Protein chains: 2
Amino acid sequence: MKNGQATIKDIARELKISFSTVSRALKDYPGISEETKRKVKEMAIKLNYRPNAIALSLRKNRSFNIAVIVPEVVHFFFSTVISGIEEIAKKRGYNVILTQTNEKLDKEKSSIEAMLSNQIDGFLISYSKETTEFSHFENIIDQGFPIIFFDRIPDIPNSINVKVDDFEGAYNAVSHLISQGYENIAHLTGPKNLKISQERERGYREALANHGMPIREEMILECPMGTNEEGKRLALSMLDQLNPRPDAFFANNDMAAVGVMMACRDSGYRIPEEIGIVGFSNWQFCTMLEPGLTSVSQPGIQMGKKATELLLDIIEKKVELDTIPNSITLNTELFIRKSSMRLHKKS
Amino acid sequence: MKNGQATIKDIARELKISFSTVSRALKDYPGISEETKRKVKEMAIKLNYRPNAIALSLRKNRSFNIAVIVPEVVHFFFSTVISGIEEIAKKRGYNVILTQTNEKLDKEKSSIEAMLSNQIDGFLISYSKETTEFSHFENIIDQGFPIIFFDRIPDIPNSINVKVDDFEGAYNAVSHLISQGYENIAHLTGPKNLKISQERERGYREALANHGMPIREEMILECPMGTNEEGKRLALSMLDQLNPRPDAFFANNDMAAVGVMMACRDSGYRIPEEIGIVGFSNWQFCTMLEPGLTSVSQPGIQMGKKATELLLDIIEKKVELDTIPNSITLNTELFIRKSSMRLHKKS
DNA sequence: AATTTGTTTGCAATCGTTTGCATTGTATTT
DNA sequence: AAATACAATGCAAACGATTGCAAACAAATT
């Protein structure tokens, strides 16, 4: 029976000793005789004793739970981050409480509220697309809760962040397209309020500028939802209306890039000969498409691991707060596949 | 400050009343004057009071946490189930504690151990590929913990399960291939110890048998990892060695089916004219491939929701244990796309 | 005025554990 | 034999909340 779970008191009663002695014996405190320790441990096994983590939490004011708040679970990138988080958390004895906001601000706020009652030891957050104002985060920071933001970084002074170098990733991607001889490179951006979108767009612009190429504003369209339907629709409209038409697309994410591929297929353009495509995230399916989709990798697992290690170090006060780097930036890598290889054809 | 969190005692001290009165006032117990209730609630807001869920858990012997144990988080199907679980759990005031086993039995066991100390209210489990023996589950069932298994169902008497009709899904998929005129249909199975793999294989066999077609054992190969590399390798070997060669493949999962597509592309077979392909799960990327991959959908979100509703009903004793259906079976749906449309060509 | 009734509030135990301090018992020193 | 030291154990408070029961007080009834 669940409620028949043995406690420290049961062990004490069986052995006719006080429960403080039992507690100390189980923890190998000094000042308890070997004999007693042995007997206590044997009885613990016999009664199938398990320490009650809830009672411990109450006593220690620590729950060994960390909250993870992500926009969506069904999302390749976030699921890799979650995987990295879970791995480190478990290794260090913490539980991961998972919540998703479905990109909704009010869900984000209510999740945080709920977690605050739960004596969470810390937060790992990637905020929603709707979030443009960060006071709900600042409140909990002020209350002394450790928070680490990953991927989507808020504009909060001294927030602790783990992200990838979006600018560099985008810069490299566009530079690669230029080196392949594409001359009218379009960009499908992410939601404008997300820093990652801004940074990727900045990378796009600087790559063009540094290679002496003109920046045409009509070649830059916002693709806020980042679905393939949206990407397809926008790509079709650009191919249809712009003159000269784009001969390459750099998309803010892989889904949108797939949309572009579909648009090209539908309008009869050959990839990569007539149109080159590069995505962002390097999702699993990049290698499964035909042609393979060139993409900028985001090291999700590593991001999850780093963020969690940092958070737990802070929680366990292993690091002085003023020695914490307030931002860890991970490197991206450009995986070049057929979708952008106009010059040297490989798979 | 985190440890400066106001408690019920702080409110009591401020108002110079006892903390039991505060507790009752906050909960709108009868027998507390309106005047007192008002003052208490005002003070609660003023002090930014939040009930301590840990203390409540200890008192009530309920944590409002449920444990979710899955083989992998970075997996389209499981991530959809998790999403459904999270949605219902949050709606009903529960937290989701997420653990992944990475398909390892020892991780599965240690996760369960860890959860048992955590006063979890119940479990939602899909076990690992390595798990062939279920005593670690039976132990916790015997201890009175509610468990619901989803997708991967153990061979335990009276276990409560939520699954899809794998047999029917496979039967329909293979029948569809037959109706398209394919005559040598191969099957890449999943790990033989998983019931889902067995059921899908059974569906394959019965579909052939019921249509009066021979079953050739050499056309059935185990694809235990379910990766596209593995699928590709096995498909290539079958295409190379069997006579007559397979003219269609029914794969246990979509990744393996993609591997088959790659194999066909590499060996110059046209899809669907020369070889038809059907996968299982209907992952996102099925629509993004060219040709689109026909696949049997598994309603992951719905599975997560159903399983969670059932679990919470049991936890909250809303249902009598003997009235619980010990198995809920959800329907699959065959999404027919180009990869298997030899007769009536559509997208 | 004494008794009953009802309203409002407080006391104290409880959940399972940790831990500072006090107590007991035994061995050692003088 | 008395004093001291030390090892081993127990007591009780604490963590933050809930809740059965008792107490206090006021109002209503006799």
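Here is the naming used below: chain letters follow the sequence lines, and residue numbers restart at 1 for every chain. What you see is a predicted model, and the numbers here were worked out from it, not measured in a lab. Only heavy atoms go into these numbers, but all of them, side chains included; no hydrogens, no water, no symmetry mates.
Between B:Glu35 and B:Arg38 there is a salt bridge, since a side-chain N of the basic residue sits under 4.0 Å from a carboxylate O of the acidic one. For the pair A:Arg92 and A:Glu316, the salt-bridge criterion is met [side-chain N within less than 4.0 Å of a carboxylate O].
The distance from atom NZ of B:Lys16 to atom P of C:dG10 is 12 Å, rounded to the nearest whole Å. Look at CZ on B:Phe64: it is 11 Å from P on D:dT18, rounded to the nearest Å. The distance between atom NZ of B:Lys37 and atom P of C:dT9, rounded to the nearest whole Å, is 10 Å. For the pair B:Asp10 CG and D:dA17 P, the computed distance is 9 Å after rounding to whole Å. Distance B:Lys60 NZ to D:dT19 C1': 10 Å, rounded to the nearest Å. The interatomic distance linking B:Leu56 (CG) with C:dC15 (C1') rounds to 11 Å, in whole Å. Whole-Å rounding puts the A:Leu15 CG to D:dA8 C1' distance at 15 Å. Atom pair B:Ile8:CD1 and D:dC15:C1' shows a separation of 14 Å (rounding to whole Å applied).
Distances from the side chain of A:Ile32 to the nucleotides C:dG10, D:dT9, C:dT8 place D:dT9 closest. Closest to the side chain of A:Lys27, from the set D:dA17, C:dG16, C:dT18, is C:dT18. When each of C:dC21, C:dG10, C:dT17 is scored by its nearest atom to the side-chain atoms of A:Arg59, the top-ranked nucleotide is C:dT17. For A:Lys9, whose side chain is taken as the heavy atoms from C-beta onward, the closest listed nucleotide among D:dG10, C:dC15, D:dG16 is C:dC15. The side chain of A:Phe19 approaches C:dT18 more closely than any other nucleotide in the set C:dT18, D:dT18, D:dA8. Listed nucleotides C:dT8, C:dC15, C:dG10 differ in distance to B:Leu58; the shortest reach to its side chain belongs to C:dC15. Among the nucleotides D:dT9, D:dG10, C:dT18, the one closest to the side chain of A:Ser18 is D:dG10.
For B:Arg24 against C:dG10, a side-chain N or O and a base N or O form a donor-acceptor pair under 3.5 Å. Under 3.5 Å, the side chain of A:Arg13 and the base of C:dG16 form no donor-acceptor pair of N or O atoms.
Heavy-atom neighbours of B:Asn158 CG from other residues, nucleotides or ligands within 6.0 Å: at or below the threshold of 12.
Looking at heavy-atom distances under 4.0 Å, A:Ser20 makes contact with a base. Residue A:Pro30 is classed as having no contact, given no heavy-atom separation below 4.0 Å to the nucleic acid. As judged by a 4.0 angstrom heavy-atom cut-off over every strand, B:Ser57 is placed among residues making no nucleic acid contact. Residue contacts for B:Ile54: at a heavy-atom cut-off of 4.0 Å it reaches no nucleic acid atom on any strand shown. Contact annotation for B:Ser23: base contact, defined as any heavy-atom pair under 4.0 Å involving a base atom.
Taking the nucleotide of DNA chain C with the nearest heavy atom to each of B:Ala55 and B:Ile17, the more 5' of the two is matched to B:Ile17. Both B:Glu34 and A:Tyr29 lie close to DNA chain C; mapped to their nearest nucleotides by heavy-atom distance, the more 5′-ward contact belongs to B:Glu34.
Pairing each heavy atom of B:Ile32 with each of B:Lys37, the nearest pair is O-CE, 3.5 Å.
Residues B:Asn118 and B:Asn65 have side chains that never bring a donor and an acceptor to within less than 3.5 angstrom of each other. When only modelled atom types and interatomic distance are considered, A:Ser111 and B:Lys90 share a side-chain donor-acceptor pair under 3.5 Å.
The phosphate of C:dT9 (OP1 or OP2) has a side-chain N or O of B:Thr36 nearer than 4.0 angstrom.
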